[in-house]
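A quick write-up on the structure given underneath.
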There are 2 protein chains.
Amino acid sequence: MAPADIDSTEPASRRPYHHGDLRRAILTAALDVIAADGPAALSLRDLARRAGVSHAAPAHHFKDRTGLLTSIAAEGFGLLATTLREASDLKEAGVRYVRFAREHPAHFQVMFAPGLLRADDLELTTARALAGDALRESVSAVDPGDIDPRLAGVAAWSLAHGFATLLLGHNLDGPVGDKDPEEVFRTLAATLFR
Amino acid sequence: MAPADIDSTEPASRRPYHHGDLRRAILTAALDVIAADGPAALSLRDLARRAGVSHAAPAHHFKDRTGLLTSIAAEGFGLLATTLREASDLKEAGVRYVRFAREHPAHFQVMFAPGLLRADDLELTTARALAGDALRESVSAVDPGDIDPRLAGVAAWSLAHGFATLLLGHNLDGPVGDKDPEEVFRTLAATLFR
DNA sequence: GAGGCAATCTTGTCAGTGTCAAGTTGTGCG
DNA sequence: CGCACAACTTGACACTGACAAGATTGCCTC
């Protein structure tokens, strides 16, 4: 980060020409905005103002608005992959999926907003594939029984993803209330996958 | 609709001053755009051009960009409510939920994009409550067993919503392939809710 | 240490958009 | 018939994303 005593209102001449870590600064500012008001409220110029740089500076690191969002999504899939790998079994992976959505709501939203992303971006596709591998690994660790593992994977993913999505959209405020969402999901998964 | 021989390139003087059903025309055009490229690609001025009216005409019917999207969401919840009411049991309600998402992808996307909507809009909240009632009704119809009905509702909704969301985002193209998604969901729900 | 080079950031500009205000045209109702 | 209101237009303003061209800086090499 740049020195703390430098704010965006200061004239450009007194600020160092180089920010230091502008890329990271823009990313975190973007995550703040998205978590608060959604991806639609994102403005490159606003992010530039927050970082105290000129309006065209972000373009150098992300090229596009789409480029910025794509980077966020890729980072999100990376984080999700490492989180899922630490899960002991499938149910725990689901709990971690929900926790990820709650701890990184901005990442989560952007990751599953295909209209905002550059679908063929290399970083994105590889990160997404990594997360997919982690998910499949968790599924294969469970006792197969007589169920098609691919179907089981879709079922688990759908359940966790739906719960997380509805949670973030405040659609479960009624039923879940002030209970710990992860605990609710845990009992829910236990009842279903008995 | 306005007469078919009138296109937007024609000078305003030769077009009738009143469109006829501009509100509906804007809505359907918006649904087309959203289904194709997502809500982010929506432009009020573009919709006005498609309908062959001036750039400020849509504002008279929807006030805002947010107002337009809120109307779409409300319409969507209304459609979903009537669809769910026709379901015989809970599993069938889930299948209908998935079918709704596939047949009305634009509605579905907007309905669950809280950042784009006027949350306190009356039409929206009542339509949403109606759909919620329909869902709860489907849940209550199932044999309770020893499960908390609220938890069962959350489980069913999460599963259907997650499946539908992932499906629309092309995240299940691999596992589901060219199979009929509704049929996949049916067997999936049957295995889980046995 | 000096020179050059590429990365980083700035300034300027353009078309497009949402939104508001004020005016114009048509319609239905008393 | 006329009048009030709804539907639509015209005009304007601030804001945004994107591009081009120039300025500044750190770094790498000799």
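Computed from a predicted model, the values in this text were never measured in an experiment. A, B, ... follow the sequence lines: proteins, then strands. Residue 1 opens every chain.
The side chain to side chain donor-acceptor pair (under 3.5 Å) search around A:Asp133 returns A:Arg136, not counting sequence neighbours. Among residues two or more places apart in sequence or in another chain, the side chain to side chain donor-acceptor pair (under 3.5 Å) test is passed with A:Arg85 by A:Glu137. B:Asp32 meets the salt bridge (charged side-chain N to carboxylate O under 4.0 Å, His left out) test with no other residue; sequence neighbours excluded.
At the phosphate of C:dC9, neither OP1 nor OP2 sits under 4.0 Å from any side-chain N or O atom of A:His60. For C:dC9, the OP1/OP2 oxygens have a side-chain nitrogen or oxygen of A:His61 closer than 4.0 Å.
Pairs of residues two or more places apart, or lying in two chains, that qualify as side chain to side chain donor-acceptor pair (under 3.5 Å) and include a residue from residues 95-107 of chain B are B:Glu75-B:His107, B:Glu86-B:Arg96, B:Tyr97-B:Trp157, B:Tyr97-B:His161, B:Arg99-B:Glu182. The list of salt bridge (charged side-chain N to carboxylate O under 4.0 Å, His left out) pairs with a residue in residues 150-178 of chain A, not counting sequence neighbours, is empty. Among pairs with a residue in residues 111-124 of chain A, those fulfilling side chain to side chain donor-acceptor pair (under 3.5 Å) read A:Asp64-A:Arg118, at least two apart in sequence or across chains.
Rounding to whole angstrom units, CG of residue B:Asp21 and C1' of D:dA7 are separated by 12 Å. In this structure, the CG atom of A:Leu68 is 10 Å from the P atom of D:dA18, given to the nearest Å. A straight line from CD1 of A:Ile26 to C1' of C:dC9 spans 11 Å, rounded to a whole angstrom.
Note that the two end axes of the helix from C:dG1-D:dC30 to C:dG30-D:dC1 enclose an angle of 10°, each drawn from 5 base pairs, rounded to 10 degrees.
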Expected rows: protein N/O vs nucleotides 16-19 of chain C N/O, under 3.5 Å:
| residue | atom | partner | partner atom | Å |
| --- | --- | --- | --- | --- |
| C:dT17 | OP2 | B:Arg49 | NH2 | 3.1 |
| C:dG18 | OP1 | B:Leu44 | N | 3.0 |
| C:dG18 | OP2 | B:Leu44 | N | 3.1 |
| C:dG18 | OP2 | B:Arg45 | N | 3.1 |
| C:dG18 | N7 | B:Arg45 | NH1 | 2.4 |
| C:dG18 | O6 | B:Arg45 | NH1 | 3.0 |
| C:dT19 | OP1 | B:Asp64 | OD1 | 3.1 |
| C:dT19 | OP2 | B:Arg65 | N | 3.0 |
| C:dT19 | O4 | B:Arg45 | NH1 | 3.3 |

Contacts under 3.5 angstrom, residues 33-41 of chain A side chains, donor-acceptor by atom type, not counting sequence neighbours:
none

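When every heavy atom of B:Ala119 is checked against every heavy atom of B:Thr125, the shortest pair comes out as O-CG2, 3.4 Å.
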